[in-house]
J.: 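Structure below; questions to follow.
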Amino acid sequence: MYIDMDAYFASVEQASRPYLRGKPVAVVGSGKRTVIVASSYEAKRLGIKTGMTRGEAIRKLPSLVFVEGRNNKYVDTCVRIHEILLRYTPEVEICSIDEFFADLTGSLLLFPSPADIAAAVKREIGERFGITCSVGIAPNKLVAKIAGEFGKPDGLVAVEKDDVERFMEGLPVESIPGIGRKMKEALNALGIRTCGELRDFPVSVLRRRFGIWGDYLSFMARGTDPFRARDQGGLPRSIGHSMTFEKNIGDRVVIRARLLELSGMVARRLRKEKIVAKGFSLTLRYPDFTTLTKRMTLPFYTPNGRIIYETVTALLDSFRLKDAVRLLGVSAFNVRRFAANPSLFGGLDREERLWKAVDDVNDAFGECSLRPATTLLCVRHHWVISPAYRPVCFFS
Ligand SMILES: [Mg+2]
């Protein structure tokens, strides 16, 4: 079962602030340069899209109501939805702040049918949070997700094993998660528009054109999930944070302070998810929106913010900055589970204890209650978490 909240951030706002109901609402950060991170269905219908700037959106729709996002509220609601799902099965995977997969295989002796569970979950989410969600039920995650998206908004689509091919057949290829604009265009150029056409296309040609993806595409087109066996156990592919600034930053000292802040945020997430990484990247964006990324792979895995900071500042030093920057981003990739052997990171035990203490304080008193003094150089501004943000639930 795949469960996805409909227009999540915007729905949460409309549910908790009744005057927003029925209105086109856009959720944004507080800065002048913030972009739209979510919008209500009323706004979507009138052409408002995620990623639009405030200015663009107002020109498009002068009656649009802007609301500052409240991260805590979204994370909190996500955690409560997770709790609801756990009453039906212990096998719940949070795949983003508003999407979950629940394996119901073991629950079918306790409940009449998957559709009954889905209906009960939808009802409870509606009653408790005043928001709607879309649910897809299928023999695997791939088809469940496609079915969930298909039924949006407020949908419940169940696809039986024997109906999978028929369900997939008529869908456009871009219904398959992971097929973006570029891949869709490449497939369309081969005369492939629907999943049925993709299924019937010779896999040898697909392989020649797309490499291993050719095989995956062929599998997915018939509703077989090629990634099932390659499940990383919920391990994210990368963890990153970025910030767009109110004012472009030209001063390298301030850029470094921001990088320290971002590195600390990435390190904190690595620690929370109990993973380590050895690849790190620095992204910067100039006022003209040119975006550059450099990456570096270390010879060892680490969750350490200081090492991340040193790595990304080394990357920064390799840039000849041609202008001030409007955005900075730090990401960790090439991740693996943290094997509990602190001495692996030679000599850092003391520092790790320090960060553990800092995390504990920040967990209790809020993000950034304790932080390196250097980051005081940064004017704090409100930011909204990315919808791809995955809260860590300790009780799962
Ligand atoms: Mg959603």
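Every number for a ligand or one of its atoms is a count from 1 in the order of the listing. Residues: numbered from 1 along the sequence shown.
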J.: Who pairs with Ser107 by side chain to side chain donor-acceptor pair (under 3.5 Å), at least two apart in sequence or on another chain?
T.: none
J.: Should the pair Asp76-Lys73 be classified as a salt bridge under the 4.0 Å nitrogen-to-oxygen rule?
T.: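 The answer is no: the pair does not qualify as a salt bridge.
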J.: Taking 2.8 Å as the limit, list every protein N, O or S atom around the Mg ion (ligand 1), by chain and residue number.
T.: Asp4 OD1, Met5 O, Asp98 OD2
J.: Would you please name every residue forming a side chain to side chain donor-acceptor pair (under 3.5 Å) with Tyr309, sequence neighbours left out?
T.: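 Tyr309: no side chain to side chain donor-acceptor pair (under 3.5 Å) contacts found.
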J.: Using a strict 4.0 Å threshold on nitrogen-to-oxygen distance, state whether Arg181 and Glu174 make a salt bridge.
T.: no
J.: Please list every donor-acceptor pair under 3.5 Å in which a side-chain atom of residues 129-138 meets a protein atom from a residue at least two apart or in another chain.
T.:
residue, atom, partner, partner atom, Å
Thr132, OG1, Asp6, OD2, 2.7
Ser134, OG, Asp6, OD1, 2.9
Ser134, OG, Asp154, N, 3.1
Ser134, OG, Gly155, N, 3.3

J.: Does this structure show an ion pair linking Lys145 with Asp225, if we count only N-O contacts that are shorter than 4.0 Å?
T.: no
